[in-house]
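Data block below; observations after.
The chain is numbered in sequence order, starting from 1.
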Amino acid sequence: MLTFKLSISINPKLKEFLKISSYQIFGMLILSFNPLVDKAMASWLAPGSISVLEYANRIYQIPIILISTGFFTVLLSHWSETFYSQGEVVFKKKVIDVAKIVGLASVVCCVLLLLFSHPIVRLVYGHGKFPEQYFSTITNVLILYLLGLAPTVLGLVFTRAHLVFKNTKTLMILGAFNFFMNILFNFALIKPFGIYGLALSTAFTYSIITICLYITLVMGKIS
């Protein structure tokens, strides 16, 4: 009698890769729900609130996307080489040095965007049949979003550093923390400030997460 036995053996390196990457994927999946939550809660407000939030967020995301898809892509490769060739102490020092430069550049960028926020909104949306009565609200929401620009960009720096450490479990935990904090701040701020509260919630949430990313990196709480 013939018998067949199916045996699946997973390479230990592949198993470790799947484990590490699964934390990162799950963390990113959780964060992807933040905009959906904001839009859902904006639907509780006056008509057009979802559109205002979306239009302001699109402008806010432009500098973040430009930085993350350009500078940080190269930085991650360079940092990986630094970490494995020069060690953890030197690596962390370079991360802090880069964070100072990026933080200063982000503040300068934020100030410029704040100064020209109204002209920028009109330049981007001041054409076609776009209702002019929304320009002021979009500008104000954008200004509140911009308060979190520097912390958000710094958070991206520290996130890349955690990736070099393969510290994806911490990123997953902070991703979940981010999600629940965003909901908490939304509920706390939407009643007194309306749509502006949702923008403030985003700024507050990412500022706190950036502090957590910094602490877990510097204190060496790598998991």
Side-chain angles (χ1 to χ4, degrees), residues 31-32 34-39 41-42 45-75 95-161 178 181-182 185-186 188-214:
L31 288 178
S32 68
N34 273 351
L36 298 178
V37 170
D38 291 346
K39 290 177 183 177
M41 297 183 76
L45 304 172
S49 295
I50 296 177
S51 297
V52 168
L53 201 69
E54 175 67 18
Y55 290 139
N57 187 260
R58 285 180 184 177
I59 298 176
Y60 168 69
Q61 289 295 330
I62 290 174
I64 296 176
I65 292 173
L66 290 175
I67 294 172
S68 61
T69 57
F71 175 66
F72 285 152
T73 303
V74 178
L75 190 65
V95 171
I96 301 303
D97 290 340
V98 169
K100 291 177 181 177
I101 297 172
V102 171
L104 179 60
S106 300
V107 170
V108 173
C109 179
C110 179
V111 171
L112 291 174
L113 290 173
L114 286 172
L115 290 174
F116 298 101
S117 56
H118 190 66
I120 289 172
V121 170
R122 282 196 167 273
L123 176 65
V124 175
Y125 299 119
H127 52 80
K129 297 181 180 180
F130 194 91
E132 287 197 20
Q133 66 265 28
Y134 289 121
F135 285 162
S136 178
T137 306
I138 293 174
T139 300
N140 292 332
V141 171
L142 174 61
I143 288 172
L144 295 175
Y145 269 134
L146 288 172
L147 296 179
L149 178 62
T152 299
V153 174
L154 281 175
L156 292 175
V157 173
F158 298 134
T159 297
R160 265 57 182 184
N178 183 316
M181 264 203 314
N182 184 59
F185 279 128
N186 280 357
L189 298 174
I190 192 172
K191 188 173 182 179
F193 301 113
I195 192 170
Y196 303 125
L198 297 178
L200 272 175
S201 172
T202 298
F204 288 161
T205 298
Y206 279 98
S207 297
I208 294 173
I209 289 298
T210 295
I211 293 172
C212 294
L213 286 166
Y214 173 77

Sequence-distant partners of I62, side chain to side chain contact (heavy atoms under 4.5 Å, CB included), two or more places apart: L66
Spacing of L142 atom CG and R58 atom CZ [to the nearest 0.5 Å]: 13.5 Å
From Y55 atom OH to Y134 atom OH, the distance as rounded to the nearest 0.5 Å: 9.5 Å
Crowding at OH, Y214 (>12 non-hydrogen neighbours, <6.0 Å): no
Sequence-distant partners of Y206, ring-ring contact (aromatic ring centres under 6.0 Å, His included), two or more places apart: none
Pairing residues for F135 by the ring-ring contact (aromatic ring centres under 6.0 Å, His included) criterion, not counting sequence neighbours: F130
Matching residue for D38 among I50, L53, I190, N57 - test: side-chain contact (heavy atoms from CB on, under 4.5 Å): L53
Would you be so kind as to tabulate the donor-acceptor pairs closer than 3.5 Å made by side chains of residues 143-156, with sequence neighbours excluded?
residue	atom	partner	partner atom	Å
T152	OG1	Y60	OH	3.1
T152	OG1	G148	O	2.6

Beyond-backbone contact of M181 with I209, side-chain heavy atoms, under 4.5 angstrom: yes
Review item, side-chain donor-acceptor pairs of residues 193-205, under 3.5 Å, at least two apart:
residue	atom	partner	partner atom	Å
S201	OG	N182	O	3.2
S201	OG	N182	OD1	3.4
S201	OG	N186	N	3.4
S201	OG	N186	OD1	2.7
T202	OG1	L198	O	3.3
T205	OG1	S201	O	2.7

Residues 97-119, side-chain donor-acceptor partners within the protein, below 3.5 Å, at least two apart:
residue	atom	partner	partner atom	Å
D97	OD2	K93	NZ	3.2
S106	OG	V102	O	2.7
S117	OG	L114	O	3.1
H118	ND1	T139	OG1	3.4
H118	NE2	R122	NE	3.3

